[in-house]
Amino acid sequence: MWGNRLGWGLSGAMVVIVGGLLGLVIWASLRITPPTEFTAQGKHLEAMALPVDPAGYLAASTEPGNAGELYRQAIIEYGQNAQRYQAFTSNPRKLSDLDNLPAAADLLKAAQLAPGAIFADKPGVIVSYDNQELVDSIEGLGNVLTMAGSLARREKNFDLAEKYFQAAFAFGCSLYKERLTRGELGAGLGMMSGAAVSMQRMAVDQGKTDLANHWQDFLKAYSDYDTDWIKRIERVISSIDQKVLERHAGDVYVLATQSQERLWRIEAILKLGRYRYNAGRKGDQRQAARFVKQLASEATDPAIRAAAVAARDLTPAQYHQLGN
């Protein structure tokens with residue numbers, strides 16, 4: 001009798017223990033991977049800020065209105081006629097070739113206006129998994145302005161050269177200020193630094209020491225800026241290395257919810273859309289799906305919501321087309 005009771009008691013205890021262990025396994029498989037030291041104590045969560053405000057280097061606005069609509073118009077025009085613009089940048093011969101490139105005139109005019117939103121009014125245009133062609137158009141326009149300025153400088157038409165370089169800097173500044181995606185940020189920083197180098201060199205050619213120093217000050221502040229943290233965040237967000245995916249899943253959640261830089265919140269949310277398919281743990285996949293679904297319905301920031309909607313709606317077929 002006592003043997004039976006002991007046996008049943010032991011069996012019951014085993015059931016409880018096995019059930020508890022199974023529960024722990026299930027709980028562990030459903031929870032988010034804990035963040036690492038990468039985001040501990042607020043690391044990599046600060047807002048981005050160049051040591052110098054590039055807006056202070058813009059030419060004064062001379063006409064009413066804002067530049068946003070002209071920038072959008074130029075981007076669309078380039079996208080529709082990319083080969084024509086690429087032919088100019090690959091073999092710039094004479095300034096009159098710009099007569100057939102209306103986007104260049106739009107960008108010159110935009111530089112005379114106050115900066116305006118480019119994509120902020122409709123963030124879903126660029127906050128997506130399929131924005132590379134758009135980014136290529138933006139970078140292509142920067143190349144057109146740089147080449148046009150270089151042509152004018154070669155012809156000793158310094159006033160016109162300055163207008164093109166200033167237009168490139170103004171466009172880059174607007175992109176940097178808005179920076180909804182890594183592509184937009186990279187294009188903006190590249191345009192500003194390239195234009196500043198060109199204007200600094202041109203000022204030296206003309207013997208304008210004060211103007212040369214003016215642009216040299218910007219370039220020094222720009223070069224002193226610690227971009228290593230940007231590269232580290234990009235690695236965590238863009239990597240397709242399975243070890244990185246598994247190690248930093250928790251950090252991506254922290255970036256998506258706590259970063260003071262909206263750009264990294266957006267990029268982290270888009271990363272969570274990919275995590276629905278490539279996270280190393282089922283728990284991270286499930287939690288990513290739940291997180292972006294909830295955020296898509298609750299976010300009040302249009303850009304954050306656009307990222308969440310894109311992440312929520314990413315289909316398996318679309319994910320596999322991304323190549324990672």
Legend entry - Passing option when D284 is tested against N278, T33, L272, L245 for side-chain contact (heavy atoms from CB on, under 4.5 Å): T33
Legend entry - Qualifying residue, where the test is ring-ring contact (aromatic ring centres under 6.0 Å, His included) with F169 and the options are W215, Y164, Y222: W215
Legend entry - Main-chain N/O of R312 paired with K293 side-chain donor or acceptor, under 3.5 Å: no
Inset, instruction - Would you check if W264 and E234 make a side-chain contact, meaning some heavy-atom pair closer than 4.5 Å? - result: yes
Legend entry - Salt bridge present between R72 and E69 (N-O < 4.0 angstrom): yes
Inset, instruction - Assess whether side chain to side chain contact (heavy atoms under 4.5 Å, CB included) is satisfied between N131 and E184, documenting all intermediate values. - result: CA-CA 10 Å; N131 63 10; E184 190 176 11; over 6 Å; no
Inset, instruction - Would you please test L314 and Q318 for side chain to side chain contact (heavy atoms under 4.5 Å, CB included) and show each step? - result: CA-CA 6 Å; L314 182 66; Q318 291 170 332; 3.7 Å; yes
Legend entry - Any side-chain heavy-atom pair of W229 and H44 under 4.5 Å: yes
Inset, instruction - Dump the intermediate steps for side chain to side chain contact (heavy atoms under 4.5 Å, CB included) on V52 and D217, then the final yes or no. - result: CA-CA 9 Å; V52 60; D217 289 343; over 6 Å; no
Inset, instruction - Could you tell me whether the side chains of E77 and N81 share a donor-acceptor contact shorter than 3.5 Å? - result: yes
Legend entry - Sub-4.5 Å side-chain heavy-atom contact between L255 and I237: yes
Legend entry - Test log, rule side chain to side chain contact (heavy atoms under 4.5 Å, CB included), inputs N143 and Y85: CA-CA 9 Å; N143 292 336; Y85 288 86; over 6 Å; no
Inset, instruction - Could you tell me which non-hydrogen atom of M48 sits nearest to which non-hydrogen atom of R179, and how far apart they are? - result: O-NH2, 3.2 Å
Inset, instruction - Can you label the angle between the H214 ring and the Y57 ring as parallel, tilted or perpendicular, going by 30° and 60°? - result: tilted
Inset, instruction - Decide salt bridge (charged side-chain N to carboxylate O under 4.0 Å, His left out) for R153 and D205; before the verdict, give the C-alpha distance in whole Å, the side-chain angles of both, and the deciding distance to 0.1 Å. - result: CA-CA 10 Å; R153 179 186 172 195; D205 291 345; 2.5 Å; yes
Inset, instruction - Check E162, E155, K156 against F158 for a side-chain contact (heavy atoms from CB on, under 4.5 Å) and give me the one that passes. - result: K156
Scan the side chains in residues 95-108 for donor-acceptor partners under 3.5 Å anywhere in the protein, sequence neighbours excluded, and list what turns up.
| residue | atom | partner | partner atom | Å |
| --- | --- | --- | --- | --- |
| D97 | OD1 | K94 | NZ | 3.1 |
| D106 | OD1 | Q73 | NE2 | 3.3 |
| D106 | OD2 | Q73 | NE2 | 3.0 |

Inset, instruction - Output all residues satisfying side chain to side chain contact (heavy atoms under 4.5 Å, CB included) with S239, sequence neighbours left out; order by chain, then residue number. - result: D241, V244
Legend entry - F88: partners by ring-ring contact (aromatic ring centres under 6.0 Å, His included), with sequence neighbours left out: none
Legend entry - Donor-acceptor side-chain pairing of T89 and Q86 below 3.5 angstrom: no
